[in-house]
Novice: 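Before we start, here is the structure in question, set down as structure tokens.
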Amino acid sequence: MAVFNITPSNPSTFILMGIPGLEAAHIWISIPFSIFYIIGLLGNSTVLFVVYKEQTLHNPMYLLLCMLALTDIATPTFVVPNALCIFWFNLKGITIGGCLTQMFFLHTVSLIHSALLVIMAFDRYVAICNPLRYTIILNNTRIAKLGFVGLIRAVLFILPLPVLLSRQPFCANRIIPHTQCEHITVVKMSCGDITVNRIYGLVLFFVVNMSDLTLIALSYGLIIRAVLRLSSKKAHQKALNTCTAHICVLLTYYTPSLFSTLTNRFGQGIAPHIHIILADLYLLIPPTLNPIIYGVKSKELRDKVSTYIFRK
């Protein structure tokens with residue numbers, strides 16, 4: 001049997017090792033990877049198809065849901081196929097340009113996803129706190145513009161990451177102990193001064209991500225205050241039910257995201273393969289669960305999906 005050489009003979013190539021320490025289990029690990037990826041693709045594609053086909057779903061909330069579905073398709077697609085090539089065929093080489101490109105798109109889509117969650121929180125705030133003016137404040141055109149602003153913001157904030165790294169000299173040992181070109185991991189491959197890279201990465205995390213979380217928390221703080229002012233328990237329940245799906249999506253996205261980021265930067269005592277598994281779960285779990293969450297909590301969407309599935 002031929003033995004694959006994983007030593008980077010080409011100076012412009014990195015080697016992605018997959019999950020170091022668990023090489024013997026790579027084949028088994030690929031099974032949940034594949035299952036999560038396929039379920040996510042099917043679920044999010046179904047949401048896109050049903051919303052596209054049904055005129056009654058052409059409203060701001062479902063437009064936001066479609067944008068979220070697109071990011072949920074893109075995020076694992078930038079990582080999973082390459083990871084499966086590592087697990088199945090031991091194809092570990094990736095050019096520096098390819099690595100920086102993957103990093104750019106991966107982090108850009110992640111930031112777009114975060115921006116969409118902020119817009120969705122604002123959408124719920126308007127729907128509950130100012131329902132009579134909802135169609136005036138938010139319409140499809142305005143949601144599309146907000147989504148475009150989120151895209152531009154993500155590109156402008158993420159673009160410096162690969163640009164700064166492209167100017168760095170990389171060490172002779174170009175073995176990356178990961179399944180993907182995560183920024184903090186690639187930075188460690190540099191032999192130059194990475195102070196600016198590290199500071200910018202931290203600023204990006206604390207300023208952008210934390211500001212998004214602050215805006216979401218503010219929106220829900222105002223929603224809770226408005227709900228508590230309602231006299232009817234039935235009105236309480238109805239208002240809170242409109243937010244349940246979004247809160248679940250927030251938890252599935254930010255919990256593994258924050259835990260992965262913090263353990264990567266400050267959890268030196270945690271085993272490397274734990275870091276990698278957490279980073280991969282952060283990319284796989286939300287895209288898999290989001291269409292299921294919205295399918296369960298949104299009766300209108302659930303009924304439409306059922307119509308297509310069980311149509312004779």
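In what follows, residues are counted from 1 in the order of the sequence shown.
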Novice: Filter on salt bridge (charged side-chain N to carboxylate O under 4.0 Å, His left out), then keep only pairs touching residues 48-69, sequence neighbours left out; what's left?
Specialist: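 Those involving residues 48-69 are Glu54-Lys304.
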Novice: When the ring centroid of Tyr125 is compared with that of Tyr220, is the distance short of 6.0 Å?
Specialist: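 For Tyr125 and Tyr220, the ring centres are not under 6.0 Å apart.
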Novice: Can a donor-acceptor pair be found, under 3.5 Å and without considering hydrogens, that links the side chain of Ser110 to the backbone of Leu106?
Specialist: no
Novice: Kindly say whether Cys191 contributes a backbone atom to a donor-acceptor pair with the side chain of Gln168 at under 3.5 angstrom?
Specialist: no
Novice: Would you tell me whether Thr255 and Tyr282 have side-chain atoms, one donor and one acceptor, within less than 3.5 Å of each other?
Specialist: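 There is no such pair (donor and acceptor under 3.5 Å, judged by atom type) between the side chains of Thr255 and Tyr282.
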Novice: Any side-chain heavy atom of Arg198 sitting closer than 4.5 Å to one from Lys188?
Specialist: yes
Novice: If you group Ile, Leu, Val, Met, Phe, Trp and Tyr whenever their side-chain heavy atoms sit less than 4.5 Å apart, what else falls in with Ile39?
Specialist: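 Once heavy-atom contacts under 4.5 Å are chained together, Ile39 belongs with Trp28, Ile31, Ile35.
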Novice: Output yes when a side-chain donor or acceptor of Ser30 lies under 3.5 Å from a complementary backbone atom of Ile27, and no otherwise.
Specialist: yes
Novice: Would you say Ser166's side chain and Val163's backbone share a donor-acceptor pair under 3.5 angstrom?
Specialist: yes
Novice: Treating Glu23 as the side-chain partner and Gly21 as the backbone partner, does any N or O pair qualify as donor plus acceptor under 3.5 Å?
Specialist: yes
Novice: Do His26 and Ile19 touch side chain to side chain, with heavy atoms closer than 4.5 Å?
Specialist: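 In short, these two side chains touch, coming nearer than 4.5 Å.
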Novice: Has Thr252 got a side-chain atom pairing as donor or acceptor with Val249's backbone, closer than 3.5 angstrom?
Specialist: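 Yes, Thr252 side chain to Val249 backbone: donor-acceptor pair under 3.5 Å.
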Novice: Between the main-chain N or O of Phe78 and the side-chain N or O of Gln102, is there a donor-acceptor pair closer than 3.5 Å?
Specialist: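 Yes, the answer is positive, given that a donor and an acceptor are paired below the 3.5 Å cut-off.
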Novice: Between Leu48 and Ile73, is any pair of side-chain heavy atoms under 4.5 Å apart?
Specialist: yes
Novice: State, yes or no, whether a side-chain contact exists between Gln180 and Leu283 at a heavy-atom distance under 4.5 Å.
Specialist: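 Gln180 vs Leu283: side chains touch.
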Novice: Tell me who clusters with Val207, hydrophobic residues only, linked when side chains sit under 4.5 Å apart either directly or through other members.
Specialist: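 Members besides Val207, by chain and number: Ile199, Val203.
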Novice: Would you call the rings of His113 and Tyr253 parallel, tilted or perpendicular, taking 30° and 60° as the class edges?
Specialist: parallel
Novice: Do Val47 and Leu68 have side-chain heavy atoms sitting under 4.5 Å apart?
Specialist: no
Novice: Between Phe87 and Ser34, is there a side-chain heavy-atom distance shorter than 4.5 Å?
Specialist: no
Novice: Just wondering, do His246 and Ile293 contact through their side chains at under 4.5 Å, heavy atoms?
Specialist: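 No. Closest side-chain heavy atoms not under 4.5 Å.
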Novice: For the residue pair His183 and Tyr200, is the inter-centroid distance of their aromatic rings smaller than 6.0 Å?
Specialist: no
Novice: So for atom OH, which belongs to Tyr52, do other residues, nucleotides or ligands contribute more than 12 heavy atoms lying within a distance under 6.0 Å?
Specialist: no
Novice: Check whether Asn44 reaches the backbone of Pro287 with its side chain - one donor and one acceptor, N or O, closer than 3.5 Å.
Specialist: yes
Novice: Considering only heavy atoms from C-beta outward, does the side chain of Ile176 approach that of Ile94 to under 4.5 Å?
Specialist: no
Novice: Would one find more than 12 heavy atoms of other residues, nucleotides or ligands at under 6.0 Å from atom OH of Tyr254?
Specialist: yes
